[in-house]
Amino acid sequence: MSDEIYGSVWDAIEDTPQEAENMRLRSNLLIALSRRIETEGWTQKNAAARLGVTQPRVSDLIRGKIDLFSLDALVNMVSAAGLHVDMTVRAAA
């Protein structure tokens with residue numbers, strides 16, 4: 001067992017800082033989409049129609065299957081859900 005301290009769970013489980021950052025961004029988008037679906041009271045079928053995807057795809061999203069979604073796909077779904085993505089780029093700590 002390692003005593004190493006990580007900045008995030010993604011830093012701990014991903015092999016590179018780039019992969020960790022990608023997962024962090026995807027996770028944030030996936031959570032925002034799941035919350036939007038819940039807040040609006042959309043059924044999976046209704047959410048799928050609004051997001052332009054299939055119902056099984058919405059099920060994967062709600063179940064947190066992050067590895068099945070690219071950043072591009074999630075950004076498109078966020079926009080279709082009536083949300084806006086803001087991005088801030090800064091020097092790494």
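Counting from 1, the numbers follow the sequence of the chain as shown. Only heavy atoms go into these numbers, but all of them, side chains included; no hydrogens, no water, no symmetry mates.
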Chemist: Please answer whether the main-chain N or O of Leu74 pairs with a side-chain N or O of Arg26 as donor and acceptor at a distance below 3.5 Å.
Modeler: no

Chemist: What's the separation between atom CG in Asp60 and atom CG in Leu30, rounded to the nearest 0.5 Å?
Modeler: 10.0 Å

Chemist: Heavy atoms only: give me the nearest Thr16-Glu19 pair and the separation to one decimal.
Modeler: OG1-N, 3.0 Å

Chemist: Any salt bridge between Glu38 and Arg35, counting N to O under 4.0 Å?
Modeler: no

Chemist: Keeping to residues at least two apart or across chains, list the side-chain hydrogen bond (donor to acceptor under 3.5 Å, both in side chains) pairs with something in residues 66-85.
Modeler: His84-Asp86

Chemist: Tell me, please, which residues at least two apart from Arg36 pass salt bridge (Lys or Arg N to Asp or Glu O under 4.0 Å).
Modeler: Glu40

Chemist: List the atom of Ala81, the atom of Leu51, and the distance in Å for their closest heavy-atom pair.
Modeler: CB-CD2, 3.6 Å

Chemist: Working to the nearest 0.5 angstrom, can you tell me the gap between Met23 CE and Leu71 CG?
Modeler: 10.0 Å

Chemist: Examine Leu29 and Leu68 and state if one hydrophobic cluster contains both, with Ile, Leu, Val, Met, Phe, Trp and Tyr joined whenever side-chain heavy atoms are less than 4.5 Å apart.
Modeler: yes

Chemist: Is Ile31 reachable from Leu33 through a run of hydrophobic residues whose side-chain heavy atoms are each under 4.5 Å from the next?
Modeler: no

Chemist: Would a 4.5 Å heavy-atom cut-off, applied to side chains only, mark Ile66 and Leu61 as touching?
Modeler: no

Chemist: Applying side chain to side chain contact (heavy atoms under 4.5 Å, CB included), name anything that partners Arg50, two or more places apart in sequence or on another chain.
Modeler: Trp42, Asn46

Chemist: Atom NZ of Lys45 and atom CD of Gln55: how far apart are they, to the nearest 0.5 Å?
Modeler: 9.5 Å

